[in-house]
S.K.: 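The structure is given below, and queries will be raised subsequently.
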Amino acid sequence: MPLDKFVLILVIVVFAAGLTIWLGSMIVAGLHAPLALTLLIPAALVLYVVWRVIAQRLSSHEDDHYDQTPR
């Protein structure tokens, strides 16, 4: 991957993370939500992404490198 493309992706990700944190803090300040609910939503999103990645890796035959090795 070219360095300029990597830096562009990194800048976009950092900007998106900062924007997400800023929007989240504005929403929490306006709703007066409990801390557990505030932490539950990002944790649920992370668990969903991890679950989807694991499910895709287990069901993909292209990623199964051990079936393609000679015995």
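For clarity, every value in this text was computed on a predicted model and none was experimentally measured.
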S.K.: Working to the nearest 0.5 Å, report the span between CG of L19 and CD1 of I12.
M.R.: 13.0 Å
S.K.: For T20 versus A16, what's the shortest heavy-atom pair and its separation?
M.R.: OG1-O, 2.7 Å
S.K.: Would you say L58 ends up clustered with V50 if hydrophobic residues are merged whenever their side chains have heavy atoms under 4.5 Å apart, either directly or through other cluster members?
M.R.: yes
S.K.: Any chain of hydrophobic side-chain contacts (each under 4.5 Å) joining F6 to I9?
M.R.: yes
S.K.: Could you give the distance from CG (L3) to CG (L8), rounded to the nearest 0.5 Å?
M.R.: 11.0 Å
